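Reviewing the structure listed below.
Everything quoted here is computed from the prediction, not taken from an experiment. Just so we're on the same page: letters track the sequence lines, and every chain starts at 1.
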Number of protein chains: 2
Amino acid sequence: MTRSALTGEEVLTTAARLVRARGPAALTMRRLATELGTAVTSIYWHVGNRESLLDALVERTVREMGEIRPVGRTPHARIVSVARALYTALRERPQLIAMVHERGLTERMFLPAQQALVHEMHAAGLCGETAAEAVRAVQFQVVGFVLVERNRERSPEQHPSEGELWDSPTAEHDPALARALAGPVDTERLFTVSLDALVTSLLSPGGAA
Amino acid sequence: MTRSALTGEEVLTTAARLVRARGPAALTMRRLATELGTAVTSIYWHVGNRESLLDALVERTVREMGEIRPVGRTPHARIVSVARALYTALRERPQLIAMVHERGLTERMFLPAQQALVHEMHAAGLCGETAAEAVRAVQFQVVGFVLVERNRERSPEQHPSEGELWDSPTAEHDPALARALAGPVDTERLFTVSLDALVTSLLSPGGAA
DNA sequence: ACCTGAACACCGTTCAAGT
DNA sequence: ACCTGAACACCGTTCAAGT
(Lines give C-alpha, C1' and ligand atoms only; values in the text may rest on other atoms or scores of the structure.)
Protein backbone atom coordinates (compact mmCIF):
# COMPACT_ATOMS: atom_id res chain seq x y z
CA MET A 1 0.00 0.00 0.00
CA THR A 2 1.27 3.46 -0.90
CA ARG A 3 0.69 6.55 1.19
CA SER A 4 0.07 10.09 -0.03
CA ALA A 5 3.12 12.29 -0.40
CA LEU A 6 4.82 13.22 2.87
CA THR A 7 4.88 16.89 3.78
CA GLY A 8 6.88 18.89 6.29
CA GLU A 9 3.64 19.92 7.95
CA GLU A 10 2.61 16.30 8.41
CA VAL A 11 5.96 15.46 9.98
CA LEU A 12 5.57 18.40 12.33
CA THR A 13 2.06 17.49 13.40
CA THR A 14 2.93 13.87 14.08
CA ALA A 15 6.06 14.92 15.97
CA ALA A 16 4.04 17.33 18.13
CA ARG A 17 1.56 14.58 18.89
CA LEU A 18 4.35 12.25 19.93
CA VAL A 19 5.92 14.84 22.23
CA ARG A 20 2.64 15.81 23.86
CA ALA A 21 1.63 12.20 24.41
CA ARG A 22 4.87 10.60 25.45
CA GLY A 23 7.45 13.31 26.10
CA PRO A 24 10.41 14.63 24.09
CA ALA A 25 12.51 11.51 24.69
CA ALA A 26 9.92 9.45 22.82
CA LEU A 27 10.47 11.55 19.71
CA THR A 28 13.07 9.50 17.89
CA MET A 29 13.49 9.74 14.15
CA ARG A 30 12.91 6.03 13.75
CA ARG A 31 9.74 6.02 15.83
CA LEU A 32 8.49 9.04 13.93
CA ALA A 33 9.15 7.27 10.64
CA THR A 34 7.20 4.22 11.78
CA GLU A 35 4.35 6.47 12.89
CA LEU A 36 4.36 8.18 9.49
CA GLY A 37 4.73 4.95 7.55
CA THR A 38 7.87 6.05 5.72
CA ALA A 39 11.57 5.33 5.78
CA VAL A 40 13.56 7.19 8.42
CA THR A 41 15.56 8.92 5.80
CA SER A 42 12.54 10.50 4.12
CA ILE A 43 12.06 12.70 7.16
CA TYR A 44 15.50 14.14 6.64
CA TRP A 45 14.56 15.37 3.20
CA HIS A 46 11.63 17.35 4.65
CA VAL A 47 12.90 18.73 7.94
CA GLY A 48 16.69 18.52 7.78
CA ASN A 49 17.55 16.75 10.99
CA ARG A 50 16.20 16.13 14.47
CA GLU A 51 17.52 19.43 15.77
CA SER A 52 15.75 21.53 13.15
CA LEU A 53 12.60 19.46 13.62
CA LEU A 54 12.61 20.42 17.30
CA ASP A 55 13.30 24.03 16.31
CA ALA A 56 10.22 24.03 14.10
CA LEU A 57 8.13 22.49 16.88
CA VAL A 58 9.30 25.17 19.29
CA GLU A 59 8.62 27.89 16.74
CA ARG A 60 5.05 26.69 16.45
CA THR A 61 4.58 26.73 20.22
CA VAL A 62 5.92 30.27 20.43
CA ARG A 63 3.39 31.31 17.75
CA GLU A 64 0.55 29.70 19.68
CA MET A 65 1.50 31.51 22.88
CA GLY A 66 1.42 34.77 20.92
CA GLU A 67 -2.31 34.56 20.37
CA ILE A 68 -3.18 35.64 23.89
CA ARG A 69 -5.53 38.64 24.05
CA PRO A 70 -6.63 40.55 27.16
CA VAL A 71 -10.32 40.59 28.04
CA GLY A 72 -12.26 42.56 30.65
CA ARG A 73 -13.22 46.16 31.30
CA THR A 74 -10.71 47.39 33.85
CA PRO A 75 -6.92 47.22 33.56
CA HIS A 76 -6.97 44.99 36.62
CA ALA A 77 -9.32 42.52 34.97
CA ARG A 78 -7.41 42.60 31.69
CA ILE A 79 -4.07 41.98 33.39
CA VAL A 80 -5.54 39.10 35.35
CA SER A 81 -7.01 37.65 32.15
CA VAL A 82 -3.64 37.70 30.40
CA ALA A 83 -1.94 36.05 33.36
CA ARG A 84 -4.65 33.39 33.55
CA ALA A 85 -4.40 32.71 29.82
CA LEU A 86 -0.62 32.37 30.08
CA TYR A 87 -0.99 30.08 33.05
CA THR A 88 -3.50 27.83 31.27
CA ALA A 89 -1.53 27.71 28.02
CA LEU A 90 1.68 26.84 29.86
CA ARG A 91 0.00 24.08 31.80
CA GLU A 92 -1.40 22.52 28.64
CA ARG A 93 2.01 22.10 26.97
CA PRO A 94 4.53 21.31 29.68
CA GLN A 95 6.98 19.40 27.49
CA LEU A 96 6.87 21.84 24.60
CA ILE A 97 7.38 24.73 27.02
CA ALA A 98 10.39 22.94 28.46
CA MET A 99 11.79 22.66 24.94
CA VAL A 100 11.20 26.36 24.34
CA HIS A 101 13.06 27.09 27.55
CA GLU A 102 15.94 24.79 26.64
CA ARG A 103 16.36 26.74 23.45
CA GLY A 104 16.43 30.04 25.28
CA LEU A 105 13.25 31.32 23.65
CA THR A 106 11.14 31.79 26.76
CA GLU A 107 11.40 35.55 26.61
CA ARG A 108 10.49 35.70 22.95
CA MET A 109 7.54 33.45 23.72
CA PHE A 110 6.35 35.87 26.39
CA LEU A 111 6.83 38.96 24.26
CA PRO A 112 3.25 39.37 22.95
CA ALA A 113 1.78 38.82 26.40
CA GLN A 114 4.38 41.21 27.79
CA GLN A 115 3.37 43.90 25.34
CA ALA A 116 -0.26 43.41 26.30
CA LEU A 117 0.70 43.75 29.96
CA VAL A 118 2.68 46.91 29.25
CA HIS A 119 -0.37 48.38 27.55
CA GLU A 120 -2.54 47.63 30.57
CA MET A 121 0.01 48.97 33.03
CA HIS A 122 0.00 52.23 31.11
CA ALA A 123 -3.78 52.27 31.15
CA ALA A 124 -3.58 51.82 34.92
CA GLY A 125 -1.28 54.81 35.22
CA LEU A 126 2.07 53.05 35.75
CA CYS A 127 5.06 53.82 33.58
CA GLY A 128 8.83 53.54 33.36
CA GLU A 129 10.68 51.14 35.59
CA THR A 130 7.72 50.78 37.90
CA ALA A 131 5.63 49.44 35.04
CA ALA A 132 8.47 47.20 33.90
CA GLU A 133 8.81 45.69 37.35
CA ALA A 134 5.07 45.18 37.56
CA VAL A 135 5.10 43.35 34.23
CA ARG A 136 7.91 41.12 35.40
CA ALA A 137 6.20 40.46 38.71
CA VAL A 138 3.14 39.12 36.91
CA GLN A 139 5.26 37.07 34.53
CA PHE A 140 7.28 35.52 37.36
CA GLN A 141 4.14 34.76 39.29
CA VAL A 142 2.81 32.74 36.36
CA VAL A 143 6.09 30.92 35.70
CA GLY A 144 6.63 30.19 39.36
CA PHE A 145 3.21 28.70 39.80
CA VAL A 146 3.46 26.52 36.72
CA LEU A 147 6.83 25.20 37.88
CA VAL A 148 5.78 24.41 41.42
CA GLU A 149 2.55 22.87 40.27
CA ARG A 150 4.17 20.67 37.66
CA ASN A 151 6.59 19.54 40.27
CA ARG A 152 3.78 18.49 42.56
CA GLU A 153 2.10 16.53 39.77
CA ARG A 154 5.29 14.72 38.91
CA SER A 155 6.12 13.58 42.38
CA PRO A 156 2.95 13.60 44.48
CA GLU A 157 4.51 11.31 47.05
CA GLN A 158 7.84 12.98 47.65
CA HIS A 159 7.16 16.70 48.07
CA PRO A 160 7.37 17.87 51.69
CA SER A 161 4.63 16.05 53.50
CA GLU A 162 2.55 17.69 56.17
CA GLY A 163 4.25 15.37 58.61
CA GLU A 164 7.68 16.70 57.82
CA LEU A 165 6.56 20.28 58.22
CA TRP A 166 4.84 19.45 61.48
CA ASP A 167 8.08 18.07 62.80
CA SER A 168 9.73 21.37 62.08
CA PRO A 169 9.64 23.33 65.35
CA THR A 170 8.98 26.60 63.54
CA ALA A 171 5.72 25.34 62.04
CA GLU A 172 4.52 23.51 65.11
CA HIS A 173 2.52 26.38 66.49
CA ASP A 174 1.19 27.60 63.15
CA PRO A 175 -0.93 24.82 61.64
CA ALA A 176 -2.57 27.15 59.11
CA LEU A 177 0.81 27.89 57.61
CA ALA A 178 1.86 24.25 57.64
CA ARG A 179 -1.34 23.33 55.82
CA ALA A 180 -0.86 26.10 53.26
CA LEU A 181 2.72 25.07 52.46
CA ALA A 182 2.28 21.33 52.47
CA GLY A 183 -0.96 20.40 50.89
CA PRO A 184 -2.51 19.00 48.43
CA VAL A 185 -3.32 22.61 47.63
CA ASP A 186 -6.08 23.89 45.39
CA THR A 187 -3.51 25.50 43.13
CA GLU A 188 -6.18 26.84 40.82
CA ARG A 189 -7.66 28.83 43.67
CA LEU A 190 -4.30 29.76 45.14
CA PHE A 191 -3.21 31.09 41.78
CA THR A 192 -6.34 33.19 41.42
CA VAL A 193 -6.12 34.56 44.94
CA SER A 194 -2.46 35.48 44.91
CA LEU A 195 -2.60 36.83 41.35
CA ASP A 196 -5.46 39.08 42.38
CA ALA A 197 -3.54 40.22 45.45
CA LEU A 198 -0.44 40.87 43.40
CA VAL A 199 -2.20 42.90 40.74
CA THR A 200 -4.12 44.89 43.33
CA SER A 201 -0.96 45.87 45.15
CA LEU A 202 0.90 46.57 41.90
CA LEU A 203 -1.79 48.93 40.69
CA SER A 204 -2.31 50.75 43.98
CA PRO A 205 -0.31 53.99 44.25
CA GLY A 206 2.92 53.41 46.14
CA GLY A 207 2.29 49.68 45.69
CA ALA A 208 4.35 46.57 46.21
CA ALA A 209 7.10 46.67 43.59
CA MET B 1 49.25 0.47 34.43
CA THR B 2 46.69 -0.36 37.08
CA ARG B 3 44.50 2.19 38.82
CA SER B 4 43.37 2.20 42.43
CA ALA B 5 40.05 0.54 43.16
CA LEU B 6 37.03 2.35 41.75
CA THR B 7 34.52 3.68 44.26
CA GLY B 8 30.94 4.88 43.94
CA GLU B 9 32.04 8.25 45.29
CA GLU B 10 34.67 8.59 42.59
CA VAL B 11 32.14 7.79 39.88
CA LEU B 12 29.79 10.40 41.32
CA THR B 13 32.44 13.11 41.50
CA THR B 14 33.61 12.54 37.96
CA ALA B 15 30.02 12.45 36.72
CA ALA B 16 29.24 15.75 38.46
CA ARG B 17 32.30 17.31 36.89
CA LEU B 18 31.24 16.15 33.45
CA VAL B 19 27.71 17.53 33.87
CA ARG B 20 28.88 20.89 35.18
CA ALA B 21 31.48 21.29 32.47
CA ARG B 22 29.64 20.00 29.41
CA GLY B 23 25.99 19.50 30.28
CA PRO B 24 23.90 16.42 31.06
CA ALA B 25 23.94 15.18 27.47
CA ALA B 26 27.73 14.79 27.70
CA LEU B 27 27.34 12.37 30.57
CA THR B 28 27.38 9.06 28.73
CA MET B 29 28.39 5.85 30.45
CA ARG B 30 31.09 5.24 27.89
CA ARG B 31 32.56 8.73 28.18
CA LEU B 32 32.47 8.43 31.95
CA ALA B 33 34.30 5.10 31.77
CA THR B 34 37.01 6.62 29.58
CA GLU B 35 37.35 9.52 32.01
CA LEU B 36 37.67 7.08 34.91
CA GLY B 37 40.03 4.78 33.05
CA THR B 38 37.85 1.70 33.50
CA ALA B 39 35.59 -0.49 31.43
CA VAL B 40 32.06 0.80 30.93
CA THR B 41 30.63 -2.16 32.72
CA SER B 42 32.56 -1.53 35.93
CA ILE B 43 30.44 1.56 36.51
CA TYR B 44 27.34 -0.60 36.55
CA TRP B 45 28.67 -2.60 39.45
CA HIS B 46 29.07 0.57 41.54
CA VAL B 47 26.08 2.72 40.66
CA GLY B 48 23.55 0.39 39.08
CA ASN B 49 22.68 2.17 35.86
CA ARG B 50 22.64 5.65 34.34
CA GLU B 51 19.29 6.49 35.87
CA SER B 52 20.37 5.77 39.43
CA LEU B 53 23.64 7.59 38.82
CA LEU B 54 21.63 10.69 37.92
CA ASP B 55 19.45 10.11 40.98
CA ALA B 56 22.53 10.11 43.20
CA LEU B 57 23.81 13.27 41.53
CA VAL B 58 20.50 14.98 42.12
CA GLU B 59 20.42 13.81 45.73
CA ARG B 60 23.79 15.39 46.31
CA THR B 61 22.63 18.70 44.81
CA VAL B 62 19.56 18.71 47.03
CA ARG B 63 21.80 18.19 50.05
CA GLU B 64 24.03 21.08 49.02
CA MET B 65 21.06 23.41 48.67
CA GLY B 66 20.02 22.44 52.18
CA GLU B 67 23.04 24.10 53.72
CA ILE B 68 21.68 27.60 53.34
CA ARG B 69 21.61 29.60 56.60
CA PRO B 70 20.10 33.03 57.16
CA VAL B 71 22.39 35.87 58.24
CA GLY B 72 21.65 39.40 59.41
CA ARG B 73 20.04 41.07 62.39
CA THR B 74 16.51 41.92 61.23
CA PRO B 75 13.99 39.48 59.74
CA HIS B 76 14.10 41.60 56.59
CA ALA B 77 17.87 41.19 56.28
CA ARG B 78 17.70 37.48 57.07
CA ILE B 79 14.99 36.84 54.49
CA VAL B 80 16.94 38.74 51.88
CA SER B 81 20.07 36.77 52.74
CA VAL B 82 18.29 33.44 52.24
CA ALA B 83 16.85 34.58 48.91
CA ARG B 84 20.24 35.80 47.77
CA ALA B 85 21.92 32.55 48.79
CA LEU B 86 19.28 30.54 46.92
CA TYR B 87 19.70 32.75 43.88
CA THR B 88 23.48 32.36 43.88
CA ALA B 89 23.41 28.61 44.46
CA LEU B 90 20.87 28.10 41.67
CA ARG B 91 22.91 30.16 39.24
CA GLU B 92 26.04 28.15 39.98
CA ARG B 93 24.49 24.78 39.07
CA PRO B 94 22.09 25.40 36.21
CA GLN B 95 22.25 21.91 34.71
CA LEU B 96 22.07 20.09 38.01
CA ILE B 97 19.09 22.21 39.04
CA ALA B 98 17.40 21.34 35.76
CA MET B 99 17.93 17.68 36.58
CA VAL B 100 16.46 18.15 40.05
CA HIS B 101 13.45 19.79 38.46
CA GLU B 102 13.06 17.02 35.89
CA ARG B 103 12.89 14.54 38.72
CA GLY B 104 10.22 16.54 40.52
CA LEU B 105 12.40 17.30 43.54
CA THR B 106 12.45 21.07 43.32
CA GLU B 107 10.16 21.43 46.31
CA ARG B 108 12.15 19.05 48.44
CA MET B 109 15.27 20.96 47.45
CA PHE B 110 13.69 24.21 48.63
CA LEU B 111 12.43 22.75 51.88
CA PRO B 112 15.28 23.83 54.21
CA ALA B 113 15.30 27.34 52.79
CA GLN B 114 11.53 27.38 53.06
CA GLN B 115 11.67 26.45 56.73
CA ALA B 116 14.19 29.21 57.33
CA LEU B 117 11.88 31.66 55.59
CA VAL B 118 8.92 30.50 57.67
CA HIS B 119 10.94 31.13 60.80
CA GLU B 120 11.76 34.66 59.69
CA MET B 121 8.19 35.43 58.67
CA HIS B 122 7.09 34.45 62.16
CA ALA B 123 9.78 36.64 63.65
CA ALA B 124 8.43 39.47 61.52
CA GLY B 125 4.95 38.92 62.90
CA LEU B 126 3.32 37.14 59.93
CA CYS B 127 1.56 33.83 60.36
CA GLY B 128 -0.91 31.44 58.76
CA GLU B 129 -1.76 31.76 55.09
CA THR B 130 -0.31 35.25 54.93
CA ALA B 131 3.08 33.91 55.95
CA ALA B 132 2.76 30.98 53.55
CA GLU B 133 2.02 33.31 50.65
CA ALA B 134 4.92 35.50 51.61
CA VAL B 135 7.25 32.50 51.61
CA ARG B 136 6.03 31.46 48.20
CA ALA B 137 6.35 34.97 46.84
CA VAL B 138 10.03 35.05 47.78
CA GLN B 139 10.60 31.58 46.38
CA PHE B 140 8.94 32.44 43.06
CA GLN B 141 10.89 35.65 42.82
CA VAL B 142 14.13 33.71 43.03
CA VAL B 143 13.07 30.99 40.60
CA GLY B 144 11.66 33.50 38.14
CA PHE B 145 14.83 35.54 38.10
CA VAL B 146 17.08 32.54 37.63
CA LEU B 147 14.98 31.33 34.73
CA VAL B 148 14.81 34.65 32.93
CA GLU B 149 18.45 35.30 33.48
CA ARG B 150 19.57 31.90 32.28
CA ASN B 151 17.46 32.42 29.23
CA ARG B 152 19.19 35.67 28.47
CA GLU B 153 22.60 34.05 28.83
CA ARG B 154 21.69 31.24 26.51
CA SER B 155 20.40 33.36 23.69
CA PRO B 156 21.87 36.84 24.00
CA GLU B 157 21.03 37.62 20.40
CA GLN B 158 17.44 36.51 20.17
CA HIS B 159 15.64 37.88 23.19
CA PRO B 160 13.40 40.82 22.43
CA SER B 161 15.71 43.53 21.24
CA GLU B 162 15.24 47.14 22.19
CA GLY B 163 14.40 47.75 18.57
CA GLU B 164 11.45 45.39 18.64
CA LEU B 165 10.05 46.95 21.77
CA TRP B 166 10.52 50.41 20.33
CA ASP B 167 8.48 49.38 17.32
CA SER B 168 5.66 48.44 19.61
CA PRO B 169 3.32 51.45 19.74
CA THR B 170 2.64 50.92 23.43
CA ALA B 171 6.28 51.36 24.37
CA GLU B 172 7.01 54.22 22.01
CA HIS B 173 6.24 56.97 24.48
CA ASP B 174 7.80 55.24 27.49
CA PRO B 175 11.50 54.76 26.77
CA ALA B 176 12.34 54.06 30.42
CA LEU B 177 10.05 51.05 30.36
CA ALA B 178 11.35 49.85 27.00
CA ARG B 179 14.88 50.04 28.34
CA ALA B 180 13.94 48.18 31.53
CA LEU B 181 12.25 45.35 29.66
CA ALA B 182 14.73 44.95 26.84
CA GLY B 183 18.25 44.76 28.02
CA PRO B 184 21.09 44.02 28.67
CA VAL B 185 19.98 44.50 32.26
CA ASP B 186 22.12 44.54 35.36
CA THR B 187 20.22 41.51 36.66
CA GLU B 188 22.27 41.42 39.83
CA ARG B 189 21.09 44.89 40.74
CA LEU B 190 17.56 44.31 39.49
CA PHE B 191 17.33 41.21 41.65
CA THR B 192 18.51 43.07 44.73
CA VAL B 193 16.20 46.00 44.15
CA SER B 194 13.05 44.05 43.46
CA LEU B 195 13.77 41.51 46.20
CA ASP B 196 14.13 44.35 48.66
CA ALA B 197 10.90 45.92 47.45
CA LEU B 198 9.09 42.61 47.67
CA VAL B 199 10.24 41.82 51.19
CA THR B 200 9.49 45.34 52.38
CA SER B 201 5.93 45.14 51.09
CA LEU B 202 5.44 41.61 52.39
CA LEU B 203 6.51 42.59 55.89
CA SER B 204 4.59 45.85 56.06
CA PRO B 205 1.17 45.48 57.76
CA GLY B 206 -1.59 45.07 55.17
CA GLY B 207 1.17 44.40 52.64
CA ALA B 208 1.23 43.05 49.10
CA ALA B 209 0.23 39.40 49.33
C1' DA C 1 11.63 16.30 -6.55
C1' DC C 2 11.16 12.76 -3.50
C1' DC C 3 12.09 8.23 -1.37
C1' DT C 4 14.90 4.12 -0.18
C1' DG C 5 18.25 0.64 2.27
C1' DA C 6 22.89 0.03 3.65
C1' DA C 7 26.35 1.61 6.51
C1' DC C 8 28.70 4.35 10.19
C1' DA C 9 29.54 5.87 14.71
C1' DC C 10 27.45 6.34 18.61
C1' DC C 11 24.22 4.96 22.79
C1' DG C 12 22.60 1.98 27.52
C1' DT C 13 22.43 -2.51 29.29
C1' DT C 14 23.05 -7.61 30.12
C1' DC C 15 25.70 -11.47 30.96
C1' DA C 16 28.91 -15.09 31.15
C1' DA C 17 33.57 -15.29 32.19
C1' DG C 18 37.52 -13.98 34.52
C1' DT C 19 40.52 -12.70 38.99
C1' DA D 1 34.09 -8.63 45.74
C1' DC D 2 35.26 -6.46 41.71
C1' DC D 3 36.34 -6.03 36.76
C1' DT D 4 36.23 -7.40 31.84
C1' DG D 5 34.87 -7.90 26.63
C1' DA D 6 31.35 -9.56 23.66
C1' DA D 7 26.83 -8.99 22.27
C1' DC D 8 22.14 -6.90 21.89
C1' DA D 9 18.89 -3.49 20.75
C1' DC D 10 18.60 0.92 20.18
C1' DC D 11 20.05 5.85 18.49
C1' DG D 12 21.02 10.07 14.62
C1' DT D 13 23.01 10.84 10.28
C1' DT D 14 25.15 10.30 5.57
C1' DC D 15 25.14 8.80 1.05
C1' DA D 16 24.83 6.50 -3.19
C1' DA D 17 21.18 4.66 -5.64
C1' DG D 18 16.65 4.47 -7.16
C1' DT D 19 12.02 6.55 -9.33
Mind calculating the distance between [atom1] ([X]) and [atom2] ([N]) to the nearest angstrom?
X        : N       : atom1 : atom2 : result
Arg30(B) : dT4(D)  : CZ    : C1'   : 14 Å
Leu27(A) : dT13(D) : CG    : C1'   : 15 Å
Asn49(A) : dC15(D) : CG    : P     : 13 Å
Ile43(B) : dC15(C) : CD1   : C1'   : 17 Å
Met29(A) : dA9(D)  : CE    : P     : 23 Å
Leu36(B) : dC3(D)  : CG    : P     : 10 Å
Leu54(A) : dG12(D) : CG    : C1'   : 12 Å
Tyr44(B) : dT13(C) : OH    : P     : 4 Å

For the pair [X] and [Y], find out whether any cationic side-chain nitrogen is under 4.0 Å from an anionic carboxylate oxygen.
X         : Y        : answer
Glu188(A) : Arg84(A) : yes
Glu9(B)   : Arg60(B) : yes
Arg30(B)  : Glu35(B) : no

OP1, OP2 of [N] versus side-chain N and O of [X]: anything below 4.0 Å?
X        : N      : answer
Thr41(A) : dT4(C) : no
Ser42(B) : dC2(D) : no
His46(B) : dC3(D) : yes

(request) Specify whether Tyr87(A) and Phe191(A) have parallel, tilted or perpendicular ring planes, treating 30° as the upper limit for parallel and 60° as the lower limit for perpendicular. (result) parallel

(request) Quick one: pull up CG in Leu57(B) and CD in Gln95(B) and give me the separation to the nearest 0.5 Å. (result) 11.0 Å

(request) Compute the ring centroids of Phe140(A) and Phe140(B), then answer whether they are less than 6.0 Å apart. (result) no

(message) Is there a salt bridge (charged side-chain N to carboxylate O under 4.0 Å, His left out) between Glu64(A) and Arg93(A)? Walk through the geometry before answering.
(response) CA-CA 11 Å; Glu64(A) 284 170 4; Arg93(A) 316 164 166 73; 3.0 Å; yes

(message) Side chain of Thr38(A), heavy atoms from C-beta onward: which of dG12(C), dT4(C), dC3(D) has the nearest atom to it?
(response) dT4(C)

(request) Dot-bracket notation for DNA chain D is requested: 5' to 3', Watson-Crick or G-U wobble pairs only, both distances under 3.5 Å, with ( ), [ ], | and . as defined. (result) ||.|||||...|||||.||

(message) Quick check on DNA chain D: between Val40(B) and Glu51(A), whose nearest nucleotide comes earlier from the 5' end?
(response) Val40(B)

